[in-house]
Amino acid sequence: MRVWVTLLLVCAGCGAFEFHPYELRGPHRDLHARSLERLFGAKPKQAFRFAVVGDMQLFLDDSAAAMRDLEQRGVDFVVQMGDLTEFGSTQEYEWGVELLSRLKVPFFVVMGNHDALGMGQKLYRRTFGPESFSFTYSGTRFVFFDSNSREYGFPGDIPNLQWLKTALAPAPAVMNTFTFSHVPPGNGDFDDALAEPLVKLQQKKGVAISFHGHVHQYHDVHAHDVRYVTTDSMKGRSYLWVDVDGTSVQVQRATF
Amino acid sequence: MAAHGSLRASLVAALLLAAREARPEPAHEASPWYVPDHAAMQFAGAIGFLSAGPGWSFLDDTVEAALLVGWAPPALAGEDFFTFTLKGQWRPFLFDAAGWTVRPLMVGAMLTYTVGDDYFAGLPSRYDQGYYWFRTAIRPALLLGASAGRPVEALNLRFVEGYFELVATDYRLVQFIRNPSTVNVELFTLALGVKLRF
């Protein structure tokens with residue numbers, strides 16, 4: 001019986017009751033708004049460094065190792081490139097948030113196709129905020145959007161190029177623009193009809209780097225004046241860190 | 001430590017003896033197999049805020065099957081969740097203590113089906129074969145638990161039994177196996193329930 005009492009106590013202490021795997025419950029809400037508050041609440045930096053980490057889904061222990069490695073690196077914030085979860089369940093969202101929270105710096109999470117499963121899209125919005133959002137930090141514009149076209153059956157507006165056009169509109173004092181979306185254009189899960197328009201739009205708007213995840217393999221290519229960088233999954237035990245100082249941008253790959 | 005070990009050994013021995021020597025339960029009329037012999041009502045356990053349904057027992061209640069319909073309301077779960085659950089359980093040990101009949105170990109499994117367009121039981125045509133290796137509408141889970149019950153003559157019930165279950169859903173199991181140090185204690189959630197045996 002002592003075993004049972006111990007197990008019961010363990011359960012009672014850790015969100016013991018689950019009503020459904022996709023329940024919209026739990027402590028985390030609007031984390032992107034909080035990340036922005038923290039980012040802009042701190043003293044602005046002219047030169048800053050951020051990390052780009054790939055798909056975490058089934059590789060949570062590797063992700064924990066990545067966070068330990070990143071601690072040594074001294075980053076100002078972190079961007080996770082989607083597929084935070086494998087099943088899109090509430091608990092996995094919590095595990096992912098807990099891992100990213102270990103770094104004590106603001107973080108942003110792109111929505112991946114796995115994160116949209118079941119109630120995942122609602123869970124994402126509840127936990128982080130809208131899938132499409134942008135902000136400008138220290139002269140660099142960060143634009144995040146949903147490119148999981150296959151997940152919604154190729155509706156024709158994923159990614160939403162209309163929104164993107166507005167988000168990429170010229171603005172004073174913007175020296176660099178980075179975009180972040182899970183599925184890279186040209187991948188089979190990206191709406192084929194929108195791949196070329198997106199690439200041309202990014203070219204026209206002067207996007208410096210287009211960051212992606214999804215394929216679980218590091219790629220770094222130039223196409224139509226834009227640099228397309230895809231991260232390894234956490235299983236590949238590498239991530240990227242980006243140093244920005246004015247118009248100088250350096251992307252480096254760290255293995256751990 | 002040695003004392004602890006021998007205590008555990010004697011406890012296991014007592015359970016095994018009790019299982020063999022247990023007093024037969026009150027006889028009840030034989031019914032066709034398809035007539036349920038109990039009803040269960042459960043709180044939580046990943047199959048709803050509340051779930052309820054009929055159950056069938058075999059081999060002196062050591063083997064059980066149950067079919068539960070569960071609901072989690074938007075006020076508590078953020079959304080309506082309707083699930084159907086098929087449970088199978090094995091409860092090998094039995095002992096009597098102070099008028100209570102205790103089954104200290106239950107191992108089981110369940111299969112849950114969530115109703116709604118947001119979930120798929122077969123892979124939708126927009127995906128290639130094998131794109132997702134699991135089905136969001138269908139969730140298997142493993143169960144571990146215990147129960148204690150006693151007859152309640154006033155209600156003309158053979159038994160009223162309370163139980164708890166530790167529920168390890170598929171995604172918890174998979175993540176635990178692959179990431180033991182991260183998932184750690186969050187392998188299980190807890191379900192509490194009551195069974196009425198007639």
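Hydrogens, waters and symmetry mates play no part in the numbers below; they use all other heavy atoms, side chains included. Lettering follows sequence order; numbering is per chain, from 1. Bear in mind the structure is a predicted one, so any value in this text is a computation, not a measurement.
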I need the residue from [options] with the largest number of non-hydrogen atom pairs under 4.5 Å to chain B.
| options | answer |
| --- | --- |
| A:W95, A:F59, A:F154 | A:W95 |
| A:R25, A:H114, A:E98 | A:H114 |
| A:G153, A:G88, A:S89 | A:S89 |
| A:L24, A:T85, A:T90 | A:L24 |

Checklist entry - Distance-only, no hydrogens or angles: does the A:Y124 side chain make a donor-acceptor pair with backbone N or O of A:V109 under 3.5 Å? => result yes
Tell me which of these, [options], has more heavy-atom pairs under 4.5 Å with chain A than the rest.
| options | value |
| --- | --- |
| B:P124, B:G45, B:G48 | B:G48 |
| B:L50, B:D170, B:T114 | B:T114 |
| B:Y132, B:Y127, B:W71 | B:Y132 |
| B:D117, B:T136, B:V167, B:T169 | B:T136 |

Which atoms of [X] are under 4.5 Å from chain A, going by heavy atoms: the side chain, the backbone, both sets, or neither?
| X | value |
| --- | --- |
| B:T83 | side chain |
| B:P180 | both |
| B:R139 | side chain |
| B:L187 | neither |
| B:F49 | both |
| B:A46 | both |

Checklist outcome for this item: Looking only at heavy atoms, the pair that brings A:L84 and A:G96 closest together is CD1-CA, 3.8 Å
Checklist entry - Which atom pair, heavy atoms only, marks the closest approach of A:D115 to A:V110? => result OD2-O, 3.9 Å
So, do [X] and [Y] have ring centers that fall under 6.0 Å from each other?
| X | Y | result |
| --- | --- | --- |
| A:F133 | A:H32 | yes |
| B:F81 | A:F19 | no |
| A:Y22 | B:Y119 | yes |

Side chain, backbone, both or neither: which part of [X] has a heavy atom under 4.5 Å from chain B?
| X | answer |
| --- | --- |
| A:D189 | side chain |
| A:E94 | neither |
| A:E92 | side chain |

Next on the checklist: Pairing donors with acceptors under 3.5 angstrom, does anything connect the side chains of B:R172 and B:T189?
Outcome noted: no
Checklist outcome for this item: Partner of A:Y152 under side chain to side chain donor-acceptor pair (under 3.5 Å), picked from A:D146, A:D157, A:D191, is A:D146
Next on the checklist: Looking at A:R253 and A:D232, is there a salt bridge between them, counting it only when a charged N and a carboxylate O are closer than 4.0 Å?
Outcome noted: yes
Next on the checklist: Any carboxylate oxygen within less than 4.0 angstrom of a Lys/Arg side-chain nitrogen, looking at B:R91 and B:E161?
Outcome noted: yes
Checklist entry - Would you call A:P21 and B:Y171 a side-chain contact if the rule is heavy atoms closer than 4.5 Å? => result yes
